[in-house]
Each structure stands twice: as structure tokens, then as C-alpha cells.
Amino acid sequence: MKKILVDKCASMGIAMGKVFLVNRPDITPAEYSVTEEEKGTEIQKFQHAVDTVTANLEEAAKESEIFAAHIELVKDFALKDSVETMIRSGVGNVEQAIAESCNRFVSMFEAMEDEYMRERAVDMKDIKERLLMSVKGINPNPFAAMEEPCIIVATDLAPSDTVRMKKELVLGFITQFGGVTSHVAIIAKNLGLPALVGVTGLMQNVADRDEIILDATGKTIIFKPDEETKNFYKEAVQRTNEENALYAKLKGVPAVTRDGKTVEICANVGNVEDIKTAKEFGFDGIGLFRSEFLYMENTHFPTEEEQFAVYKEAVLTAEKYVIVRTLDIGGDKGLPYFEFEKEENPFLGWRAIRICLEMTDMFKAQLRALLRASAFGDIRIMYPMIISEDELDKADSILEECKKELDIEGKAYNKNIQIGIMIETPAAVICAPELAKKVDFFSIGTNDLTQYITAVDRGNKKISYLYDSFNPAVLRAIKMVINAGHAAGIPVGMCGEFASDEKAAKLLLGMGLDEFSMSASCMNRVKALIREMNYKEISESTEVKRI
Ligand code: PEP
Ligand code: MG
């Protein structure tokens with residue numbers, strides 16, 4: 001038995017079970033030489049890989065036509081010719097020949113004028129990886145072998161991984177890298193599953209299928225527990241279940257303080273399924289619909305019609321207001337079908353509203369879909385990463401264009417649709433008084449705001465001890481934003497993880513926060529705290545005044 005203690009909990013709860021170790025395949029071409037007699041076998045390996053990859057792609061093509069182009073490329077005679085010639089002429093083994101030939105085609109596509117052909121470079125890179133995995137005997141989906149309930153253990157998990165895993169079998173998550181606001185932490189909270197991230201020494205201590213206890217609430221991981229420890233934790237799991245049953249009784253009860261001040265408790269979601277899960281807990285609205293998942297879980301930029309169907313279903317399912325954040329990609333969030341240029345500082349780079357204001361056709365497809373869905377319920381639009389009035393004006397003028405188009409086309413939408421912004425940059429905090437006059441609401445994104453105010457990367461394990469939303473600079477920024485919003489007569493919410501921090505609830509209530517939006521599993525816990533408080537006493541307390 002071995003224990004590791006961690007300093008921060010990413011998502012509370014306790015799980016016991018077997019480890020599912022996520023292995024990242026190394027697809028570096030092996031360096032071995034090939035004798036004259038072995039050349040035929042190497043060529044056969046390539047042909048076998050082409051057949052396997054083609055079969056896999058044909059399977060994928062049933063779901064989406066995007067793979068049709070991949071199939072053409074993998075079967076292309078020029079690729080076959082290049083790989084086989086390299087092997088025959090003794091330039092390299094099959095892995096080296098695949099890597100080099102594909103790289104050559106990638107460069108060729110990248111240099112082309114035609115945009116469609118340039119995009120094929122991304123497909124070619126994908127084919128290279130698929131062919132190399134096939135000759136190396138690696139399954140391209142690291143989650144394919146998941147068969148029983150398990151705790152996912154990985155060096156790190158990308159947003160795309162969480163899409164591929166069989167979520168119904170996941171008991172919890174542990175990763176060696178990542179901070180408490182990383183996407184795996186957010187997903188874990190949405191699913192109500194325990195998670196610990198940034199666990200130093202994790203991978204050295206664990207093997208696939210090992211027994212493990214993940215006590216995220218107690219910030220402890222126990223490897224190969226003995227019987228006594230297992231029995232102790234079985235009881236703890238039982239207690240947690242009982243506690244959750246108590247919180248569940250708060251469903252539908254308002255978040256009102258003892259002296260009658262009501263705040264909204266809302267859910268953060270990534271898709272319609274999450275709304276259904278959150279509905280089980282009861283919510284006042286959806287404070288953050290992260291629309292980027294709709295883009296990340298896709299093989300192409302979702303069309304206006306595809307998005308319209310999702311947003312309409314979202315608002316009809318929620319039966320309350322739904323704040324949809326427009327596309328927030330870039331930073332740590334990539335897309336499988338779009339290549340981002342490599343940047344020195346992606347979190348300070350081309351992301352979120354910056355991308356939307358450049359790729360206006362894509363942005364308009366989303367805005368038109370949102371507007372049309374607003375005819376079916378209270379959809380509200382929220383722009384992320386705003387840093388200036390100018391950016392907000394530009395986004396609004398594109399929105400106006402969309403409204404005019406819909407008017408001409410005779411398509412219905414809510415003419416009074418509410419528009420808000422996320423306050424997650426220091427620039428937005430400082431300009432909050434001016435910005436507040438131009439929008440219907442603010443929502444504070446403390447995950448990014450904390451990293452930008454304190455200059456501490458939210459995902460960097462080495463400095464995670466510095467990532468702290470209780471830093472007075474962050475607290476003052478929050479207070480400034482609430483004051484600015486209220487001075488302009490608009491409500492101020494918070495959809496960053498800080499809204500679900502039990503130690504912060506009193507402070508945020510005292511500062512006057514109107515809406516607390518968080519992962520569904522945390523909502524009733526925070527509601528229970530608020531119902532115990534006296535707003536007048538807290539808001540008058542010197543602690544809050546000093547901030
Ligand atoms: C935030 O930054 O606080 C936020 C809610 O957005 P995300 O975590 O998706 O960046
Ligand atoms: Mg953010």
C-alpha cells in the first residue's frame with residue numbers, strides 16, 4: 001500500500017476501483033535497418049497498414065462524410081509509390097518511409113494556393129499517425145479497452161480525450177499534470193465525479209488495472225490498499241452518498257439567505273446531456289453553456305442548422321434561461337479539423353472572440369443559430385475574453401448584421417435577446433464601468449481572470465501553489481466588477497470555478513454577487529451554505545469593505 005497526498009482538490013468525492021491507465025502512443029519511427037530479403041516484408045507491412053487504416057476510416061465515414069477525403073488520400077497511388085520506392089531503394093524501413101513520405105505530402109499541400117487543398121495537409125498528418133500506429137500495432141483510441149468501471153489515470157487529458165472515453169464507466173480521474181481549472185477538472189465536476197490533478201510522481205506508482213482509492217475530498221490517493229483501508233473507505237463512500245441525498249432535498253428550493261436576499265444558483269454545462277444531468281439537481285438557469293464542446297466533438301465547423309438544433313434543444317430542455325458563450329477555442333482548446341498556428345504564448349494569443357472577429361462567417365453561423373433558437377426560449381449570448389469596448393462593438397455589429405439578415409429572411413428571433421460578456425481579463429475589469437453600459441449582464445470568469453491578474457498559468461503544475469483566486473488582487477477585481485455592474489444597473493454573475501468554492505461563498509455573497517454558476521454537482525452544497533447566511537451582516541462586515 002502507498003499513499004500520495006496532493007495540495008488541491010479538483011473535484012470532490014471518493015472512488016474505489018481499478019486503474020485504467022491511458023497510454024500515449026509513441027509514434028516516433030523506429031530506427032532499424034532492412035536487409036535485401038526483408039524489403040518485401042516491410043512493403044507488406046505498409047500494405048496491411050493501408051488496408052487497416054482504410055477499413056477504420058470507412059467505418060468513421062459512416063458517421064461523417066469528412067473522412068471520404070482521408071480515404072482517397074490513404075489509398076493514393078503517389079503515397080504508395082513513395083513509400084515502396086523508399087523501402088526498395090534502401091532509404092529507410094517502413095516506419096521511416098511512411099513518416100518521410102507523408103511529411104513530404106504535408107509540405108506540398110501546405111504550399112498550395114487553393115484553400116481546400118491546403119486543408120488536406122491536416123488530413124495527411126492524421127493519416128501519417130494512423131499508418132504509423134497501425135504498423136506499430138497500436139490501437140488509435142487509447143480508451144478502446146475500457147470494459148469495466150474504472151478510475152482514469154493519465155499523464156494529462158485533452159478535451160478531445162474526454163469525448164472519446166466511455167463516460168458511463170468512469171469512476172474518477174487522476175492526472176499527473178493540469179491545474180484545478182483544467183478541463184478534466186471541469187468535466188469531472190459536471191459529471192459529479194472525483195478528480196485530482198497535478199499529482200507529482202503519479203505515473204511511477206501505478207500500473208494498469210491496479211486497485212486504487214481516489215479520495216479527492218481528502219486530497220489523497222492510495223495505491224493497492226489493504227483490507228482495513230478498503231473497509232474504512234467503503235464507509236466513507238456510504239457517508240458521502242448519504243450527504244448527497246441530503247443536498248438533493250434542496251432541489252427546487254430557492255437560494256435565499258436567512259434575511260431574505262435571493263441569489264441565483266446556476267449550472268455550467270458543455271452540452272444538452274449536461275443540462276439533463278443538472279436538471280436532476282435543480283437550477284435557476286444555465287449560467288454558462290460552453291459552446292466550444294459542440295465544435296470540439298465534431299469533425300467540421302458545425303453549420304448554422306446543426307447549431308440551431310442544439311441550442312433550441314438546450315433551451316427547451318432547460319426550461320429556464322440559458323447563457324450560451326460564443327466559441328472559446330485557442331489557448332489549450334484545439335479542434336481536430338482545424339490547425340492552429342503554433343504560438344509562443346497560446347493563452348495570450350489567438351483565442352476566443354479574437355478568432356470569431358476574424359473568422360466572421362463561422363461567427364455569423366453561430367450567432368444566427370443562437371438568434372433563431374431564442375425564438376424558443378430565453379437564450380442569452382455571452383462573448384468571452386473581451387478586452388475592450390472596441391471588441392464588444394465589433395461583435396455587436398456582426399450580431400446586428402445577423403439580425404437584419406434574419407429580418408429579411410422572415411426568420412423569428414427574440415428582438416430583446418440579452419447580450420453579456422465574460423469578465424476574465426484585467427482589461428475588462430478596468431474598463432468594466434464603460435463595458436457595463438453596453439451589455440445586459442456580466443459573468444466573471446475567475447479561471448482565466450486569476451491566471452491573467454496574477455500572471456500564473458492555470459495549468460502549470462510547478463506554480464499551482466500560486467494559482468489562488470483568494471489573492472487580494474483577484475478579490476478586489478471581483479469587487480470592482482460587481483460594483484461597476486451594479487452602478488450601471490446590470491446583474492453580475494460568476495461562472496468560474498471560484499463560484500463553487502465553499503470558502504468563497506460568504507465573501508461573494510457579501511460582495512453582492514447576483515448569480516453563482518458552477519458544475520451541477522456543486523450547486524446544492526453552495527445553496528445550503530447561502531441559506532444559512534445573513535446577507536446584511538455579511539455585506540456590512542469589515543472584511544468585505546476592506547476589499
Ligand atoms: C473562466 O475562465 O473562468 C471560464 C469560466 O471559462 P473557461 O474555464 O472555459 O476558460
Ligand atoms: Mg475562460
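We count ligands from 1, going down the list as the structure has it; atoms in each ligand are counted the same way. Just so you know, these numbers come straight off a predicted model, no measurement behind them.
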With heavy atoms only and a cut-off of under 4.0 Å, state how [X] meets ligand 1: side chain, backbone, both or neither.
| X | answer |
| --- | --- |
| Asn268 | neither |
| Met385 | neither |
| Glu497 | neither |

Restricting to heavy atoms, the pick from Met494, Arg325, Glu292 nearest atom 7 (P) of ligand 1 would be Arg325
From the candidates Asp448, Thr425, Leu449, Ile423, the one that places a heavy atom nearest atom 2 (O) of ligand 1 = Asp448
Is it the case that Asn471 and Thr454 place a side-chain donor and acceptor less than 3.5 Å from each other?
-> no
Using only heavy-atom distances, determine whether the side chains of Ser397 and Glu400 contain a donor-acceptor pair under 3.5 Å.
->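 Not at all, the side chains of Ser397 and Glu400 share no donor-acceptor pair under 3.5 Å.
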Please say which of Arg368, Lys364, Lys394 ends up in a salt bridge (charged side-chain N to carboxylate O under 4.0 Å, His left out) with Glu401.
->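 Passing option: Lys364.
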Heteroatom test (N, O or S) for Asp328 near the Mg ion (ligand 2), limit 2.8 Å = no
Using a 4.0 Å cutoff against the non-hydrogen atoms of [X], which atoms of ligand 1 qualify?
| X | result |
| --- | --- |
| Arg458 | 2 (O), 7 (P), 8 (O), 10 (O) |
| Cys495 | 5 (C) |
| Met422 | 4 (C), 5 (C) |

Tell me, please, whether Phe308 has Arg372 positioned over its six-membered ring: NZ or CZ under 6.0 Å from the ring centre and within 45 degrees of its axis?
-> yes
Mark yes or no: Lys415 above the aromatic ring of Tyr413, with NZ or CZ under 6.0 Å from the six-membered ring centre and no more than 45 degrees from the axis.
-> yes
Within the distance-only criterion (no hydrogens, no angle test), does the side chain of Glu313 pair as donor or acceptor with the backbone N or O of Ala309 below 3.5 angstrom?
-> no
Is it true that a side-chain atom of Asn298 and a backbone atom of Phe301 form a donor plus acceptor pair closer than 3.5 Å?
->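 A pair under 3.5 Å: no.
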